[in-house]
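Here is the structure we will look at.
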Amino acid sequence: MIGLSVAVGRFVEALFWGIFRVAGAVAGALILAVVISVVLWIVVRRIWARR
C-alpha cells in the first residue's frame with residue numbers, strides 16, 4: 001500500500017512539473033512575442049517619422 005502511495009505521489013509530481021514546464025514555455029514565448037512586436041512597432045514609427 002505504501003509503494004502504491006509513493007508511485008501515485010511521484011506521478012502527480014511529474015504531472016505538475018510537466019504542466020509547469022509547458023506553462024513556462026508558453027509564457028516565455030508570449031513575452032518574447034510582445035518584446036519583438038514592441039521593438040518592431042518602434043522601428044516602424046521611426047521609419048514613418050523620417051518620411
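When a residue number appears, it is its place in the shown sequence, counting from 1.
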Extract all donor-acceptor atom pairs below 3.5 Å that involve side chains of residues 4-15 and protein atoms in other chains or at least two apart in sequence.
none

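- Clustering of Ile, Leu, Val, Met, Phe, Trp and Tyr side chains at separations under 4.5 Å leaves Trp17 isolated, with no partner residue.
- Residues satisfying the side chain to side chain contact (heavy atoms under 4.5 Å, CB included) test with Leu32, not counting sequence neighbours, are Ile36.
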